[in-house]
Amino acid sequence: MSLRYKMLAFTLLLGSAAPAMAGGFYLQEQSARELGRAFSGEAASADNASTVYYNPAGMTELEGINFQLGGELLLVNSRQENRGTTRTVPGVPVSIPVPGGDGGNPFSQPIVVPQAYATAQITDRLWAGLGVSSPFGVVVDYDDDFFGRYDSLRSDVFTVNVQPSLAYKINDNLSIGAGVDVQYIDVELTNALPNLNPASGDGFLRVQGDDVSVGWNVGAQLEVEKVRLGAHYRSRMKHNLEGTFDLSGLVGPLAGQNGSTTATAPLTLPDIATVSAMFGVDSPTRVYGSWNWYNWSTFDAITVFPEGRPAQSSPQNYEDSWSMALGAEHDFTDRLTLRAGTMYDATPVPDAFLSTRVPDGDRTWATVGATYRLNDRFDIDFSYAHVFVASATLNRSDNFYEGTPAQINTTLRSTNRGDVDQFGLALNARF
């Protein structure tokens, strides 16, 4: 008997799409200072070493050697409410309810997003930099009796991105920069599988894989009087995950499918384009604006290739998404700068493809932050953000063991609600 597994489980992005994240599952939180102004200065601010990540051309604004070590803590509140999730039983003419609890808050508390950056002025025109960040990743873990367990249980995604970069100052007004992204990714995803008889308990699917891949990014900055414009493009990242595909707990006619095998799954992370503007260069008050575009339409399906088993495909049909941010800051004294910002971030997930692996919705950010200069060499960034996540209604149908007498259909009916609190802290050093 052939088995059509629930291969939503290898959709890496499904596991990592926390409500706090931008552009589906992209972690925009790569600088405590940028968090404080809602990322409105991403490609134009160039006032600390995190410009390596957001726009390497901005390194030309940093004299000497600069370091930043910091991170963000994300406290995600997310809940699923069962609105009548059902499954079928072969030979029974009506669907039956899926028992279970609400799964609890599935997000690890807190989610930690660390980063480190360094820049060095080589000549009066050439700069070099290095960034180490985690642009994708989260742990989502529902209780074992979750009513949506056939859709998802655990999603554990971890990435490390190492980015060596160079910048060149063409003249006093124009700079360019580029970097290479070397990215490691590791994924573990699980969900339950329905047995033919509900009294027999559930089967269990676990998929794990990792990969190292290489991408690139390029940026430019143009300054005209008191205005600085920035543009940045980050290439898509093509991963080919390699790992294991494990099935257990299936009984009766399905028991022969239990076992473990190797598996591969191609995964393309989207390219991202950013344009930013800064008004008030070298002034005590500065205003920022930024717009991001995420090429999520490249993510139309996930196909998994378990060795010795049929390939499994799950349509995703993601749509391109965007975010827009505004922010401002003011130097109140020589030592203290305060800032604030807001951002609207649209989800790329179409309603028909929402999943408990993606408790997602459109997000509205409200942020504040401060920089305190300890002395001429060191300063500290503090920031706080609250993210309002629009509630989402899930109504997702999936088939198991499709095309056989054992076919089981599940319909997940749920409402997701959530919000996020974020705290950022970074130490900046100049030499």
Side-chain angles (χ1 to χ4, degrees), residues 12-39 50 53 68-80 102-117 131-143 146 152-161 184-190 323 339-343 345 347 356-361 363-372 380-392 416-428:
L12 153 56
L13 78 85
L14 299 182
S16 57
M21 301 174 190
F25 68 98
Y26 169 54
L27 277 171
Q28 202 160 349
E29 297 87 344
Q30 301 302 325
S31 165
R33 190 173 299 185
E34 279 302 328
L35 176 63
R37 54 193 172 214
F39 313 103
S50 68
Y53 182 85
Q68 183 185 104
L69 179 63
E72 292 74 41
L73 298 180
L74 283 61
L75 302 174
V76 185
N77 176 35
S78 180
R79 293 284 177 178
Q80 297 290 334
D102 66 5
N105 185 357
F107 291 98
S108 176
Q109 302 293 325
I111 300 169
V112 180
V113 186
Q115 58 270 166
Y117 306 101
V132 181
S133 59
S134 181
F136 304 94
V138 76
V139 176
V140 177
D141 198 356
Y142 293 98
D143 297 339
F146 175 41
S152 72
L153 278 173
R154 178 176 174 83
S155 307
D156 188 347
V157 179
F158 172 74
T159 62
V160 174
N161 195 85
Y184 170 76
I185 189 167
D186 183 85
V187 184
E188 179 191 9
L189 301 167
T190 72
S323 63
R339 57 183 60 90
T342 185
M343 179 171 69
D345 181 23
T347 177
T356 58
R357 290 196 190 275
V358 189
D360 202 15
R363 297 162 289 267
T364 303
W365 300 57
T367 73
V368 294
T371 296
Y372 186 76
I380 300 177
D381 297 324
F382 307 90
S383 59
Y384 168 76
H386 184 80
V387 185
F388 303 87
V389 185
S391 62
N416 174 73
R417 293 180 175 87
D419 54 45
V420 188
D421 290 299
Q422 302 188 39
F423 301 87
L425 178 66
L427 175 67
N428 302 283

Could you pull out all residues at least two apart from F158 that satisfy ring-ring contact (aromatic ring centres under 6.0 Å, His included)?
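Result, ring-ring contact (aromatic ring centres under 6.0 Å, His included) vs F158: none returned.
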For Y142, check ring-ring contact (aromatic ring centres under 6.0 Å, His included) against everything at least two apart and list the hits.
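For Y142 the ring-ring contact (aromatic ring centres under 6.0 Å, His included) partners, ignoring immediate neighbours, are F146.
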Whether the side chain of R37 engages the backbone of L35 through a donor-acceptor N/O pair (distance < 3.5 Å, no angle test) should be reported.
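Between the backbone of L35 and the side chain of R37 there is no qualifying donor-acceptor contact (under 3.5 Å).
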So, N105 side chain and V76 main chain: donor-acceptor pair closer than 3.5 Å or not?
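Yes; at least one donor-acceptor contact below 3.5 Å.
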Determine whether the side chains of D102 and Q80 contain a donor N or O and an acceptor N or O closer than 3.5 Å.
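Side-chain D/A pair, D102 to Q80: absent.
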Can you name the side chain to side chain contact (heavy atoms under 4.5 Å, CB included) partners of [X], sequence neighbours left out?
X: T367; result: A38, W365, A385
X: I380; result: L374, F382, L425, L427
X: A32; result: E72, D381, S383, A426

With sequence neighbours left out, write down each residue that passes salt bridge (charged side-chain N to carboxylate O under 4.0 Å, His left out) with R339, or none if nothing qualifies.
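Salt bridge (charged side-chain N to carboxylate O under 4.0 Å, His left out) list for R339, sorted by chain: E329.
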Are the side chains of S50 and Q115 in touch, meaning some heavy atoms are under 4.5 Å apart?
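Counting from C-beta outward, S50 and Q115 never come under 4.5 Å.
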Side-chain heavy-atom pair V132, N161 within 4.5 angstrom cut-off:
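Side-chain contact under 4.5 Å: no.
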State which residues pass side chain to side chain donor-acceptor pair (under 3.5 Å) with [X]; sequence neighbours excluded, sorted by chain then number.
X: R417; value: E81
X: Y384; value: D421
X: Q30; value: none
X: D141; value: R154

Could you report the tightest heavy-atom contact between G131 and Y117, atom names first, then the distance?
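In this case the closest contact between G131 and Y117 is CA-CD2, 3.5 Å.
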Residue pairs passing the salt bridge (Lys or Arg N to Asp or Glu O under 4.0 Å) test where at least one lies in residues 382-391, sequence neighbours excluded
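Listed by first then second residue: nothing to list.
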